[in-house]
Amino acid sequence: MHVSPAPRVSFKAQMLQVREDAIIQAVNRLLAEKGFDAMTVDEVAAQVGIAKASLYKHFASKEDLAAAAMVKVLRQLSELCVSLPADALPLENLRAVTRWAMERQLAGDMPSLPSQNSSLRTTLMARHDYMDGLMDVSDRLGAWIEAAQADGSVDQQVPAIAVLYTLYARACDPVLGFLKMGGQYSDEQIITLVMRTCFDGLLVRPPSAISDSAEG
């Protein structure tokens with residue numbers, strides 16, 4: 001069977017894609033640092049080093065800028081889920097996804113979730129690529145949560161949806177920033193501490209259990 005070669009992408013199209021990627025990366029950083037309401041289009045253009053008029057050739061509004069950043073993160077998260085070992089325990093997959101989200105946040109590369117009354121939220125709800133990505137990731141995580149509850153590694157008395165939202169919340173958990181601002185812990189120590197409180201709770205455990213959790 002003859003397979004036609006993939007069409008060549010023009011140099012101009014490649015340059016436009018590079019610029020668009022740079023714009024989204026800048027938006028990610030600003031959303032992580034300031035949030036949607038405080039971020040301005042002027043700041044995005046300045047960080048990329050282009051005129052605001054050039055930026056509008058790629059994205060029609062501030063909402064579209066932020067939505068593109070959110071969609072990209074969802075795609076990366078979906079790719080992570082697919083890449084995890086097929087024979088891994090469900091709880092280990094949930095830990096891996098949660099760790100990834102916290103690493104991204106500490107690196108300043110995780111956009112903050114929009115508030116309930118934000119114009120960004122309205123834009124996101126109307127975008128099929130965002131909603132499809134959110135449903136894909138939620139379905140994958142939900143399946144792992146239910147499997148982990150079935151094998152006894154996650155509390156069955158907590159509704160799966162509550163577990164899902166708890167894990168999503170780690171992507172914008174202010175505890176990470178507070179601990180980093182204190183300067184007492186490294187990023188890895190902060191992640192270990194928050195992973196412990198997220199997955200193991202705050203109940204007192206025997207010293208051996210605490211040691212085993214820290215090592216894991």
Quick one: does Ser78's side chain have a donor or acceptor within less than 3.5 Å of a partner on Leu74's backbone?
-> no
Please test Ile23 against Ile50 for side-chain contact (heavy atoms from CB on, under 4.5 Å), starting from the C-alpha separation and ending with a verdict.
-> CA-CA 9 Å; Ile23 291 170; Ile50 61 175; 4.0 Å; yes
Using the test side-chain contact (heavy atoms from CB on, under 4.5 Å), find all partners of Pro85 that sit at least two apart in sequence or belong to another chain.
-> Asp87, Ala88
So which heavy atom on Ala68 is nearest to which on Arg127, and how close?
-> N-NH1, 4.0 Å
Name all residues meeting the side-chain contact (heavy atoms from CB on, under 4.5 Å) criterion together with Ala69; count only those two or more places apart in sequence or in a different chain, and write none if there are none.
-> Ile24, Val27, Asn28, Leu31
Partners of Glu43 by salt bridge (Lys or Arg N to Asp or Glu O under 4.0 Å), sequence neighbours excluded?
-> Lys34
Heavy-atom distance under 4.5 Å between the side chains of Ser138 and Tyr168, does that happen here?
-> yes
Taking the side chain as every heavy atom from C-beta outward, state whether Leu89 and Trp144 have any atom pair closer than 4.5 Å.
-> no
Kindly determine whether Arg140 and Val82 satisfy side-chain contact (heavy atoms from CB on, under 4.5 Å), including the steps that lead there.
-> CA-CA 9 Å; Arg140 293 179 188 278; Val82 172; 3.6 Å; yes
Ile190 and Leu193, any side-chain heavy atoms less than 4.5 Å apart | no
Nearest-0.5 Å distance that lies between atom CG in Leu120 and atom OG1 in Thr123 | 6.0 Å
About how many Å separate CG of Leu77 and NZ of Lys72, when rounded to the nearest 0.5 Å?
-> 14.0 Å
Begin from the C-alpha positions of Tyr185 and Lys180 and carry the test side-chain contact (heavy atoms from CB on, under 4.5 Å) through to its verdict.
-> CA-CA 7 Å; Tyr185 305 100; Lys180 187 166 186 174; over 6 Å; no
Do the non-hydrogen side-chain atoms of Met110 and Cys172 ever get within less than 4.5 Å of each other?
-> no
Looking only at heavy atoms, which two atoms of Pro90 and Ala147 are closest? And how far apart?
-> CG-CB, 3.6 Å
With sequence neighbours excluded, tell me which residues meet side-chain contact (heavy atoms from CB on, under 4.5 Å) with Asp21.
-> Gln17
Run the side-chain donor-acceptor check on residues 148-155: report pairs under 3.5 Å with partners two or more places apart or on a different chain.
| from | atom 1 | to | atom 2 | distance (Å) |
| --- | --- | --- | --- | --- |
| Gln149 | NE2 | Asp155 | O | 3.1 |
| Gln149 | NE2 | Val158 | O | 2.7 |
| Asp151 | OD1 | Ser153 | N | 2.9 |
| Asp151 | OD1 | Ser153 | OG | 2.6 |
| Ser153 | OG | Ala148 | O | 3.1 |
| Asp155 | OD1 | Gln157 | N | 2.9 |

Distance in Å, Met195 CE paired with Met102 CE, rounded so as to fall on 0.5 Å steps = 5.0 Å
Would you check, one step at a time, whether the test side-chain contact (heavy atoms from CB on, under 4.5 Å) holds for Lys52 with Asp42?
-> CA-CA 6 Å; Lys52 186 161 67 170; Asp42 290 293; 3.4 Å; yes
Here the gap from Gln25 atom CD to Asp109 atom CG, rounded to the nearest 0.5 Å, amounts to 6.5 Å
Partner of Val97 under side-chain contact (heavy atoms from CB on, under 4.5 Å), chosen from Leu84, Leu167, Val137 | Leu84
Got a sec, which residues hit side-chain contact (heavy atoms from CB on, under 4.5 Å) with Glu188, two or more places apart in sequence or on another chain?
-> Arg99, Ser186, Thr192
Met131 atom CE, neighbour heavy-atom count above 12 within 6.0 Å | yes
Flag this pair as yes if the NZ/CZ of Lys62 is under 6.0 angstrom from the six-membered ring centre of Phe36 and inside a 45 degree cone about the axis; otherwise no.
-> yes
Does any non-hydrogen side-chain atom of Val194 lie less than 4.5 Å from one of Thr98?
-> no
Is a side-chain donor or acceptor of Gln105 paired with a backbone partner of Leu176 at a separation under 3.5 angstrom?
-> no
Nearest 0.5 Å, what's the CZ-CD1 distance between Arg170 and Ile191?
-> 13.0 Å
Between Gln76 and Arg104, a side-chain donor and acceptor under 3.5 Å = yes
Side chain proximity check, Leu94 to Phe199, heavy atoms < 4.5 angstrom | yes
Between Leu80 and Ser83, which heavy-atom pair has the shortest distance, and what is it?
-> O-OG, 2.7 Å
Leu141 versus Val163: any side-chain heavy-atom pair under 4.5 Å?
-> no
Side-chain contact, heavy-atom cut-off 4.5 Å: Ser54 with Arg19?
-> yes
Among the clusters formed by ILVMFWY side chains lying less than 4.5 Å apart, do Met135 and Ile145 turn up in the same one?
-> no
In Å and rounded to the nearest 0.5 Å, what is the OG1 to CG distance from Thr197 to Leu203?
-> 12.0 Å
